[in-house]
> 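Let me give you the structure first, and then I'll get to my questions.
Note: hydrogens, waters and symmetry copies are ignored here, and every other heavy atom, side chains too, is used. Note that the coordinates shown come from a computational prediction; the quantities given were computed from them, not determined experimentally. Within every chain, numbering begins at 1; the chains are lettered A, B, ... in the order of the sequence lines, protein sequences first and strands thereafter.
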Amino acid sequence: MNRLYLTTPLYYVNAEPHLGHTYTTIIADTLKRYYQSQGIETFLLTGTDEHGDKIVQAAKDSGVEPKDHADRISALFRSTWDACGISYDHFIRTTEPYHKQTVQEVLKGIYDAGDIYFGEYGGFYCYGCERFYTEKELTDGKCPDHQKEPTYIQEKNYFFRMGKYQQRLISFIQSHPNFIQPERYRTEVLAFLREPLEDLCISRPKSRLQWGIPLPFDSDFVTYVWFDALINYVSALKLKGQEFFQDFWPKANHLIAKDILKPHAIFWPTMLMAAGLPLYEHLYVHGYWVMESGKMSKSLGNVIRPLEMKKRFGMDTFRYFLLREMVFGQDGTFSMDAFVMRVNADLANNLGNLVSRILAMQKRYFDGVVQPLGGSWSEEDVKLREVFLQAGEELQRHMERLYFHRALESIWAALDRTNQYIVQTSPFLLMKDPDRHARAGEILHHLLEALRMTSNFLVPFLPETAKEIRSLLAIPEGPSTAEVPWGTYFQPAHIVRPPAMLFPRIELEND
RNA sequence: CGCGGGGUGGAGCAGUCCGGUAGCUCGCAAGGCUCAUAACCUUGAGGUCGGUGGUUCAAAUCCACCCCCCGCAACCA
């Protein structure tokens, strides 16, 4: 049995779900649906990362305990993904006992193996912020928040011998060209690894931070950030049992945004090496959504809220834009103008209108009853089928490389061809001559096949729409019909439903 | 010389890894159709693919150098 384990990052509960979170999660969901439809057993993990300074701070700001704060934001993420129809299999929280247990087991293992040591860390510490600053973060040598010069302090902490694994990691990445994708990020990681890798500080003294998982070998310290957060990918599988872990872990595929490349491409593999675990299979890295009106920020009022987009335009419409507009790996621009343009052109004018015009003819001319196909097909008929076969092949090729935009382009090229086919064959003209009604019926039969194929293609990208088209064609719920050859699916007396408007054109007032 | 990315018709973007008529959406011009969501189809105008040089029969695509813009630069999710 082929398996695939997909993960989103664990979202940090210091912010509410925004466009970036939504994009990563939708990508994960799309991949899951795609591979599921290929007969692969999939497991999709998402969740929330809930420990650390920033959470304590955020909780303090809203006057609640860290746990209450984390509960609230975590629930918000979960309900958002539910409302968005994300088909995740497990939602993990780093504050849950089974996760803490796994983190402690892994830490203990690495400690016992001698790859964690007690050392000293010095840095610029601001007592107002209760955190260290790097020199670059300081403005004129002062803390940007308090305008005060930080104090250089030294602190005892635990360190992970990350540098020890540098060579092994380099060799691994070099011998596994697809380990990090797209390639630009692999190049970046290799470039980074040309410099010596320092050891990683993995603890905070409890005197400064209590909101964390205690180190199993020293109860005066808690683990700090990544050792806690990254291990979730393992602890979620362990929760399902050792066998489940064995089956899925080697098939782990992590999806992340470029901001957390280093932890995932460097910290995490070396941690796995130290823990004696196999490395994950792939790391897929995407870029940022840049708001046309400048940086995304609440004060500018240009924050894209996933639930709001769903409510205004429908989830599939929102998904379509995100998948079609961004080249996976590169940054993309988000603007409402581009959104409206894309949606009107591709979903309303093309897909929606096409479905509607075909079903309208089927209804008007034959009262929805699918007509038989004759033995001989015209050149156009054959061509139409080939166009869809080709689109299916291209789709597969593009999905393997995370080229969502190109996969959709391939589908839409087939839709364009279908519109052309309608004009070329003009069934609406044939219907004026009673002798040619049979031919018009055949043409419509081919067009219904085009829609059937389209609905199969759309399953991973636009799940609701795929389902709706299926329902309009009166195709029962159940497995994909992609394997049924063109022209053999619709049986005599099959009746399709009257047209429905799938995507209304968006007319934006100056709101 | 820190690392990486981007610079393609009026606008926004694909295409660059694997060289071979420069593609898509919007906008503009002309025509067609009437089945459809003022939609759909055809044709046209508009590009020295940031610059210079090189490799090649052939370069947006490979190589070198230069200019402009943007991220990252380690314990900061």
> Side chain of Asn349(A), heavy atoms from C-beta onward: which of U34(B), C17(B), C40(B) has the nearest atom to it?
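When the side chain of Asn349(A) is considered, C40(B) is the closest of U34(B), C17(B), C40(B).
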> By nearest atom, which of the nucleotides G4(B), A74(B), C41(B) is closest to the Thr187(A) side chain?
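Of the candidates, G4(B) comes closest.
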> Starting at CG of Asp346(A) and ending at P of A14(B), how long is that distance when rounded to a whole Å?
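For the pair Asp346(A) CG and A14(B) P, the rounded distance is 15 Å.
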> Tell me which nucleotide among C35(B), U25(B), C76(B) gets nearest to the side chain of Arg342(A).
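Within the option list, the nearest is U25(B).
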> Touch check for Phe267(A), heavy atoms < 4.0 angstrom, all strands: base, sugar-phosphate only, or nothing?
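Counting heavy atoms under 4.0 Å across all strands, no contact is made by Phe267(A).
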> Of the nucleotides A73(B), C18(B), G4(B), which one has an atom closest to the side chain of Arg401(A)?
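It is C18(B).
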> Is any side-chain N or O of Arg184(A) closer than 4.0 Å to OP1 or OP2 of G6(B)?
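Yes, such a contact exists.
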> Taking only Lys NZ, Arg NE, NH1 and NH2, and the carboxylate oxygens of Asp or Glu, determine whether Asp49(A) and Lys54(A) approach each other closer than 4.0 Å.
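Salt bridge between Asp49(A) and Lys54(A), a charged N being under 4.0 Å from a carboxylate O: no.
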> On the nucleotide A14(B), are OP1 or OP2 found under 4.0 Å from the side-chain N or O atoms that Gln330(A) carries?
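Affirmative; the distance criterion is met.
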> Both Pro504(A) and Lys258(A) contact RNA chain B. Which one's nearest nucleotide lies toward the 5' end?
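By nearest-heavy-atom nucleotide position, the 5'-most residue is Pro504(A).
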> Do Pro17(A) and Tyr11(A) come close enough that some side-chain heavy atom pair is under 4.5 Å?
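The answer is no; the side chains never approach within 4.5 Å.
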> Quick one: is Gln420(A) getting a side-chain N or O under 4.0 Å of the U42(B) phosphate, OP1 or OP2?
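For U42(B), OP1 or OP2 has a side-chain N or O of Gln420(A) closer than 4.0 Å.
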> Looking at Tyr111(A), Tyr158(A), Phe227(A), which one forms a ring pair (Phe, Tyr, Trp, His ring centres under 6.0 Å) with Phe221(A)?
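The residue from Tyr111(A), Tyr158(A), Phe227(A) that satisfies ring pair (Phe, Tyr, Trp, His ring centres under 6.0 Å) with Phe221(A) turns out to be Tyr158(A).
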> Determine: side-chain N/O of Arg406(A) to OP1/OP2 of G15(B), distance under 4.0 Å, yes or no.
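True: Arg406(A) side-chain N/O within range (under 4.0 Å) of G15(B) OP1/OP2.
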> If you only use heavy atoms from C-beta on, which nucleotide in A14(B), U37(B), C35(B) is closest to the side chain of Met501(A)?
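From the listed options, U37(B) comes nearest.
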> Please compare Leu502(A) and His405(A) by the position of their nearest nucleotide in RNA chain B and report the one closer to 5'.
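In this pair, the answer is His405(A).
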> Counting side-chain heavy atoms from C-beta on, which of C35(B), U37(B), G4(B) comes nearest to Ala360(A)?
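Among the listed nucleotides, the one closest to the side chain of Ala360(A) is C35(B).
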> Just by modelled atom types, is the Glu464(A) backbone N or O under 3.5 Å from a matching donor or acceptor in the Asp316(A) side chain?
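Checking the backbone N and O of Glu464(A) against the side chain of Asp316(A), a donor-acceptor pair under 3.5 Å is found.
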> Would one find a side-chain N or O of Ser426(A) under 4.0 angstrom from OP1 or OP2 of C35(B)?
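False: Ser426(A) side-chain N/O out of range (4.0 Å or more) of C35(B) OP1/OP2.
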> Between atom CG in Leu447(A) and atom P in C35(B), what is the gap in whole Å?
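Taking atom P of C35(B) as the reference, CG of Leu447(A) is at 15 Å.
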> For the side chain of Leu197(A), starting at C-beta, report the closest nucleotide among A74(B), G4(B), A14(B).
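Closest nucleotide among those given: A74(B).
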> Which base sits across from G2(B) as a Watson-Crick or G-U pair, both distances under 3.5 Å?
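Answer to the pairing question: C72(B), which forms a Watson-Crick or G-U pair with G2(B).
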> Given C33(B), C72(B), C35(B), which nucleotide is nearest the side-chain atoms of Leu429(A)?
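Per side-chain heavy atoms of Leu429(A), the pick is C33(B).
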> When you check the gap from the basic side-chain N to the acidic O, do Asp71(A) and Arg93(A) get nearer than 4.0 Å?
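Salt bridge present between Asp71(A) and Arg93(A).
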> Which whole-number value in Å describes the distance from Asp259(A) CG to C72(B) P?
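Rounded to the whole Å, the gap is 9 Å.
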> With both distances under 3.5 angstrom, what nucleotide forms a Watson-Crick or G-U wobble pair with C17(B)?
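Check on C17(B): unpaired, no WC or wobble geometry under 3.5 Å.
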> Between C35(B), G15(B), U37(B), which nucleotide has the shortest distance from any of its atoms to the side chain of Val327(A)?
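Nearest to the side-chain atoms of Val327(A), counting from C-beta on, is G15(B).
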> Compute whether any side-chain donor of one residue and acceptor of the other, for Thr7(A) and Tyr280(A), lie under 3.5 angstrom apart.
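The answer is no; no qualifying pair exists.
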